[in-house]
Amino acid sequence: MTVAPPSASPASEARGATTIALPRTSESPELLRIRHSMSHVLAMAVQSLFPKAQVTIGPWTETGFYYDFDNPDPFTEADLKAIKKEMGKIIGRRLPLERIVVSREEAERRIRAQNEPYKLEILAGLVEPITLYTLGDGWWDLCAGPHVGNTSELNPKAFELESVAGAYWRGDETKAQLQRIYGTAWETPDQLAEYKRRKEEALRRDHRRLGKDLDLFSIEDEAGAGLVFWHPRGARMRLLIEDFWRQAHFDDSYELLYTPHVADISLWKTSGHLDFYSESMFGPMQVDERQYQLKPMNCPFHVLTYANTLRSYRELPIRWAELGTVYRYERPGVMHGLMRVRGFTQDDAHVFCLPDQIGDEILRVLNLTERILSTFDFRNYEINLSTRPEKSIGDDDVWDLATRGLVEALERKGWAYKIDEGGGAFYGPKIDLKIEDAIGRMWQCSTIQLDFNLPERFDLHYVAADGSRQRPIMIHRAIFGSLERFFGIMIENYAGDFPLWLAPEQIRLLPVTDEVRAYADDLQAQLRAAGVRATVDSSGDRLGKMIRQGEQQKIPLLAVIGAQEAAAGSVSLRSRRDGDLGSLPVATLITAACTANAQRLATLPQ
RNA sequence: GCCCUUGUAGCUCAGUGGUAGAGCACUCCCUUGGUAAGGGAGAGGUCACGAGUUCAAAUCUCGUCAAGGGCUCCA
């Protein structure tokens with residue numbers, strides 16, 4: 001859904017939008033046929049080059065297709081080349097694809113004749129009518145279709161084999177490991193070229209690449225996988241993000257908490273996490289006579305803080321937030337840059353409220369979510385509302401009230417949403433929100449979950465107006481989700497070209513000669529005193545070199561300082577986003593930069 | 001955890017059994033230069049780690065760790 005007009009992201013704007021549309025497979029019946037057929041061509045090519053390869057499944061994906069094979073030897077990159085060549089030949093033979101309806105017995109007879117055990121297993125799961133598609137005279141595959149009528153409808157210059165990967169038969173890790181070949185296919189070579197261009201664009205934005213190039217963070221072998229080191233530049237950005245986040249929460253009547261990183265393991269027994277998620281937790285440590293646990297979640301701490309004293313209904317809602325660093329054991333092989341790590345900081349908050357406050361509180365969270373995300377230019381959202389699953393706890397009327405509260409809040413907010421029936425957690429319904437980045441990818445960050453479980457387990461209560469003790473409703477919510485992951489998404493969204501307010505180094509002063517170094521140093525001091533992140537290029541390089549370095553490091557503002565500027569008390573300013581801004585008095589620069597910081601602008605005002 | 005690929009200087013990478021290489025970055029010298037790379041010299045490596053084969057291993061074999069592409073998983 002579109003909540004507001006898409007932001008004119010400077011990065012994407014600068015690159016220029018393309019006019020070549022790349023429909024997803026599910027949006028294009030033509031591409032669906034092409035990709036379906038292409039996977040058959042792939043399978044036929046593989047079997048002609050590797051007679052021992054057994055076929056399994058070969059579906060389309062949103063951008064292409066893949067096929068899983070059981071082959072004694074794994075395929076290599078070199079094999080892909082040969083396979084692609086063979087596919088080209090098959091396409092060139094203009095082979096017809098024909099749909100044939102067969103009886104189960106006929107299908108079984110044909111499969112046995114070819115000794116394809118996986119096909120037999122697939123057949124067992126099929127319901128009539130059983131169809132297969134032939135490709136040329138000899139080759140066929142069980143398939144529901146649809147396909148192109150003839151390989152002449154496939155453009156041999158519009159497909160590519162992309163990678164080889166392992167995959168489990170039926171996606172089950174206890175079953176055979178197969179070799180999967182991924183490919184992409186389009187109607188025209190232009191589309192293929194555009195697809196490749198977009199892939200390169202995604203690569204150019206890769207936060208791991210940019211994190212290294214811009215010296216933002218690292219992950220150190222000696223320390224362990226999935227543990228993030230924030231370098232000064234990254235840390236500076238994180239502080240700016242956190243400062244904004246904190247202020248936004250105070251503005252919205254939250255209070256902030258700090259809680260420990262480890263605690264007695266009994267907390268996780270009480271919360272139930274140990275039963276369900278112990279294999280995702282770091283192991284416990286023995287300290288004195290007690291077992292301690294590195295925290296995988298913050299909620300029990302906030303719950304204990306709530307329970308620390310007797311609460312009145314008059315105090316509710318209580319809104320507590322914490323940038324809480326948690327540790328979760330991720331299996332080796334699943335870590336991915338900042339996106340999937342073992343130690344990360346949740347922008348966690350818990351709202352303790354009365355049942356009839358749910359609607360207002362959720363709306364409040366939605367507003368805060370929009371405020372925070374839009375500040376980082378994420379303005380397009382996709383929203384999912386997940387309702388009660390089969391296996392769950394809590395009374396029907398509480399679930400109804402809670403679910404109605406979520407719906408009502410979304411409707412008051414005017415946000416369109418999809419319903420994921422039965423997709424909620426066992427302890428309550430939830431709203432998940434995905435954000436769209438500058439190149440159209442969706443990322444799930446924010447989540448708002450109602451919880452009837454923890455208040456029960458920790459026996460939370462408040463004193464109601466009639467003096468009775470009642471159970472509060474608990475709302476968990478995170479807006480960034482994980483600060484590390486959000487940072488990664490943000491890096492990719494901006495492609496490292498951060499808005500001025502967020503850039504770790506906002507302005508670099510480039511002295512043309514040594515004679516103006518003193519002026520540059522003084523200017524740097526003035527800027528820093530005003531809260532502007534300024535540095536002086538002390539390399540002694542020639543101007544052209546300093547500008548090249550500054551541009552490569554994506555510094556938003558470069559100020560050339562020579563004899564003229566020193567004499568006039570000015571700078572010659574060059575903006576990464578707006579180009580040459582000409583000569584500017586120092587006072588004007590400082591005022592403009594301060595305004596940009598205060599208003600969180602992407603570039604200098606006016 | 002599973003399959004495949006990879007690991008050489010701070011970075012990007014070359015080097016296929018016989019003395020460890022390049023570009024950029026870094027240090028020094030010359031150059032005082034006005035909007036995307038001025039010139040020269042120098043320093044820098046336990047070739048991820050451990051074991052093995054060999055007269056000899058960055059190179060071959062095995063193991064460990066980590067990274068990358070996937071699979072599985074993700075409160």
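Note that these values count all heavy atoms, side chains included, but never hydrogens, waters or copies made by symmetry.
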(request) Quickly work out the A/D215 CG to B/C26 C1' distance and round it to whole Å. (result)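 Taking atom C1' of B/C26 as the reference, CG of A/D215 is at 14 Å.
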(request) For A/I561 and B/U35, give me the distance from atom CD1 to atom P, rounded to whole Å. (result)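 Result: 16 Å.
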(request) Between B/A58 and B/G50, how far apart are the C1' atoms? Round to whole Å, please. (result)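 B/G50 and B/A58 have their C1' atoms separated by 16 Å.
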(message) Taking B/G10 as the reference, what is the distance to B/C65 when you measure between their P atoms (whole Å, please)?
(response) 25 Å
(message) If you go through the side-chain atoms of A/R542, does one of them form a donor-acceptor pair with the base of B/U31 closer than 3.5 Å?
(response)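 Donor-acceptor pair under 3.5 Å: yes.
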(request) Check whether the side chain of A/R574 and the base of B/A36 form a donor-acceptor pair under 3.5 Å. (result)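 Flag set: donor-acceptor pair detected.
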(request) Just call it for A/G337: base, sugar-phosphate, or nothing, with non-hydrogen atoms closer than 4.0 Å on any strand. (result)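 Sugar-phosphate, backbone atoms only, no base.
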Which base sits across from [N] as a Watson-Crick or G-U pair, both distances under 3.5 Å?
N: B/C47; value: none
N: B/G34; value: none
N: B/G52; value: B/C60
N: B/U6; value: B/A66
N: B/C28; value: B/G40

(message) If we check ring-ring contact (aromatic ring centres under 6.0 Å, His included) with A/F487, which of these qualifies: A/F480, A/F344, A/Y494, A/W230?
(response)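 It is A/W230, the one option of A/F480, A/F344, A/Y494, A/W230 that forms the ring-ring contact (aromatic ring centres under 6.0 Å, His included) with A/F487.
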Just the table, please: protein N/O against nucleotides 5-14 of chain B N/O, every pair under 3.5 Å.
unit_1, atom_1, unit_2, atom_2, d
B/U12, OP1, A/K212, NZ, 3.3

(request) Report the C-alpha separation of A/R209 and A/D206 in whole Å, then their side-chain angles, then the decisive distance to 0.1 Å, and conclude whether the salt bridge (charged side-chain N to carboxylate O under 4.0 Å, His left out) test is met. (result) CA-CA 5 Å; A/R209 169 90 263 134; A/D206 191 310; over 6 Å; no
(request) Going 5' to 3' through nucleotides 69-75 of chain B, assign each nucleotide B (protein heavy atom under 4.0 Å from a base atom), S (under 4.0 Å only from sugar-phosphate atoms) or - (no protein heavy atom that close). (result) BBBBBBB
(message) Going by side chain to side chain contact (heavy atoms under 4.5 Å, CB included), A/I448 matches just one of A/V365, A/L385, A/D432. Which one?
(response)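 Among A/V365, A/L385, A/D432, the one meeting side chain to side chain contact (heavy atoms under 4.5 Å, CB included) with A/I448 is A/V365.
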(request) Indicate whether OP1 or OP2 belonging to B/C24 is found under 4.0 Å from a side-chain N or O atom of A/Q552. (result) no
(message) One thing to verify: whether A/E200 and A/R204 come together as a salt bridge, which I'm taking to mean a side-chain N less than 4.0 angstrom from a carboxylate O.
(response) no
